[in-house]
Amino acid sequence: MPTSTINPSPALSIGPLALDVPVILAPMAGITNTAFRRLCREYGAGLYVSEMITARALVERTPETMRLITHHPSETVRSIQLYGVDPYTIAESVRILVGEDRADHIDLNFGCPVPKVTRKGGGAALPWKATLFERIVSAAVTAAGDVPLTVKMRKGIDEDHLTYLDAGAAAEQAGVASIALHGRTASQHYSGQADWDAIARLKQHVTSVPVLGNGDIWSAEDALRMMAETGCDGVVVGRGCLGRPWLFGDLAAAFSGSDTRFRPGLSEVAAAFRRHAELLSEFFESEERGCRDVRKHVAWYFKGYPVGGGLRTQLATVESLDQLDELLAGLDHSQPYPGDGAEGPRGRAGHPKRTALPEGWLDSRELAEDERCGLTEGEGDTSGG
Ligand SMILES: Cc1cc2nc3c(=O)[nH]c(=O)nc-3n(C[C@H](O)[C@H](O)[C@H](O)COP(=O)(O)O)c2cc1C
């Protein structure tokens, strides 16, 4: 039984799960593995969702997928995000997670804008096919039984093809435990500003389950502002915590009314980076793979800190924990928190792009027979992105 289910005054309830703070770590492929989730938990509270797991790969029990769904014992609420395009495969994958007691929370991904996914009708393209969306969500809710099943989606395909209000109502009707909205369309990818007004509209539209807001929360203050401006029940934080897992501590403080914020000097950042590398090495059961993976986090951790270009390059090619220790010892550990330079946007941004879709996809909100055949190819076999 997850420890957080016994909280007497929850800040956010998702089905039977009672969270101390209304904060969710957004699923991020290649990022929110057990190593990063553990690190974030060490600083704060909330619900920490896995990177996306492909339903088909789970049903086929590919070794990589079975590794990705494994949680550390300290992860008391085991949360897994699934991606799929077919009600049967999704239901089967949910049955595996629930029947084998592998998850306490399951989220479905309807927000992925990546062309290789939307071109096959998956991710953010899928809610456009209203009946299929409803069948997938209903099948998953039924298979999940007492385990809360949630959905995460975008506003729609583009401004002319918005789906979030219909899809939100359908998901509510199907019995989901919460609905998260990233306030962008698929065509926006990560460009522009997230539309928080859309989150407010969804909150008005969906009344019986929590609505969670997502998009452009870079600080605890942003999270409070999103809650106040949209009336949403909780926040989902993605890129804002890249290279700063302590944001979850700031969020916990902010939601308890405290102004205390973690303002790490370079020494504390170096220690967190080292811990991340160590946890990744444990996760991959390989120091070499762990060090290779931590390289992509260098720019995020050291954003705004006085670290020379040469040292940054060496960190971004690090091969072992010993080498990492030597490099980190070369930093000026007396450097204080640098202020604004360490704050603000990070991670994916990019430009709007027309969403790649199957031929004729937008002609109807029902799935045509010939579209059905191409759809399952959209599942691919790669978990985690
Ligand atoms: C590197 C990366 C990977 C992502 N992978 C997933 C994913 O696997 N599943 C998902 O639903 N969303 C994924 N997203 C989207 C985020 O969950 C989130 O909706 C988006 O980043 C907007 O929130 P933010 O502004 O707080 O970053 C990903 C985003 C990034 C930056």
Side-chain angles (χ1 to χ4, degrees), residues 4 7-27 44-49 79 105 107-111 124 127 133 137 141 148-156 159 162-185 188 190 192-241 247-248 250-259 261 345:
S4 59
N7 175 5
S9 57
L12 171 65
S13 292
I14 298 180
L17 299 175
L19 308 180
D20 295 328
V21 288
V23 175
I24 289 104
L25 165 65
L47 181 62
Y48 302 90
V49 186
S79 171
H105 165 241
D107 184 55
L108 298 184
N109 176 346
F110 295 108
F133 174 79
V137 178
V141 168
L149 189 295
T150 63
V151 293
K152 176 167 176 285
M153 58 191 184
R154 288 192 177 226
K155 284 169 62 184
E159 287 300 328
L162 297 176
T163 50
Y164 68 105
L165 294 178
D166 293 351
E172 182 182 26
Q173 187 68 30
V176 300
S178 70
I179 301 172
L181 179 65
H182 176 191
R184 285 187 174 83
T185 61
Q188 283 180 287
Y190 293 88
Q193 287 282 117
D195 173 6
W196 289 7
D197 291 343
I199 297 167
R201 279 192 289 276
L202 183 65
K203 173 62 190 163
Q204 297 275 316
H205 198 66
V206 166
T207 51
S208 68
V209 293
V211 168
L212 311 175
N214 174 230
D216 299 350
I217 291 176
W218 308 109
S219 66
E221 286 62 38
D222 287 342
L224 295 179
R225 195 164 53 81
M226 179 190 274
M227 297 275 284
E229 289 179 10
T230 69
C232 68
D233 302 288
V235 295
V236 181
V237 179
R239 292 164 298 165
C241 66
L247 180 58
F248 290 93
D250 285 1
L251 289 161
F255 281 109
S256 71
S258 158
D259 291 336
R261 302 288 180 267

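What you are looking at is a predicted structure, and each value in this text was computed from that prediction instead of being measured.
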Verify, without hydrogens or angle tests, whether N214 (side chain) and V236 (backbone) share a donor-acceptor contact under 3.5 angstrom. yes

Q) Using the ring of each side chain (for Trp, its six-membered ring), is Y190 parallel, tilted or perpendicular to H182, with breaks at 30° and 60°? A) tilted

(message) With a 6.0 Å cut-off (strictly less than), is the heavy-atom count around CD of Q173, excluding the residue itself, greater than 12?
(response) no

| said: Quick one, V237 and L247 - any side-chain contact, counting heavy atoms below 4.5 Å? | reply: yes

Note: C241 and L25 closest approach over all heavy atoms is SG-CD1, 3.6 Å

### Task
Give a yes or no on this: more than 12 heavy atoms of other residues, nucleotides or ligands lie within 6.0 Å of atom CD of Q204.
no

When rounded to the nearest 0.5 Å, the distance separating CE of M153 from CG of N109 is 12.5 Å

**OP:** Verify, without hydrogens or angle tests, whether R154 (side chain) and G111 (backbone) share a donor-acceptor contact under 3.5 angstrom.
**Re:** yes

Is the shortest side-chain heavy-atom distance between T150 and V176 below 4.5 Å?
no

Residues passing the ring pair (Phe, Tyr, Trp, His ring centres under 6.0 Å) test with F255, sequence neighbours excluded, are none

CG (L212) and CG (D233) are apart, to the nearest 0.5 Å, by 7.0 Å

Looking only at heavy atoms, the pair that brings G238 and A26 closest together is CA-CB, 3.6 Å

| message | Can you confirm whether L108 sits close enough to K152 that some side-chain heavy atom of one is under 4.5 Å from a side-chain heavy atom of the other? | response | no

Nearest heavy-atom contact between R261 and A253 is NH1-CB, 3.9 Å

Closest non-hydrogen contact found for P22 with M227 is CG-CE, 3.8 Å

- Message: Can a donor-acceptor pair be found, under 3.5 Å and without considering hydrogens, that links the side chain of D195 to the backbone of G183?
- Response: no

The reported gap from CD1 in I179 to CZ in F110 (rounded to nearest 0.5 angstrom) is 11.0 Å

What one should report as the nearest heavy-atom pair of E159 and L162 is O-CG, 3.6 Å

Exercise. Do the side chain of D216 and the main chain of A194 share a donor and acceptor less than 3.5 angstrom apart?
Worked result: yes

If you define the side chain from C-beta out and look only at heavy atoms, does anything of P210 sit under 4.5 Å from L12? yes

Taken to the nearest 0.5 Å, the spacing of S79 OG from I24 CD1 works out to 9.0 Å

Rounding to 0.5 Å, atoms CD1 (I199) and SG (C232) come to a distance of 6.5 Å

The reported gap from CG in L202 to CD in E172 (rounded to nearest 0.5 angstrom) is 9.0 Å

For residues 163-171, which side-chain N or O atoms pair as donor and acceptor with protein atoms under 3.5 Å away, sequence neighbours left out?
residue : atom : partner : partner atom : Å
Y164    : OH   : R201    : NE           : 2.9
D166    : OD2  : R365    : NH1          : 2.7

Taking every heavy atom of V141 against every heavy atom of G175, the minimum-distance pair comes out as CG1-O, 3.7 Å

side-chain hydrogen bond (donor to acceptor under 3.5 Å, both in side chains) filter on S256, not counting sequence neighbours, yields none

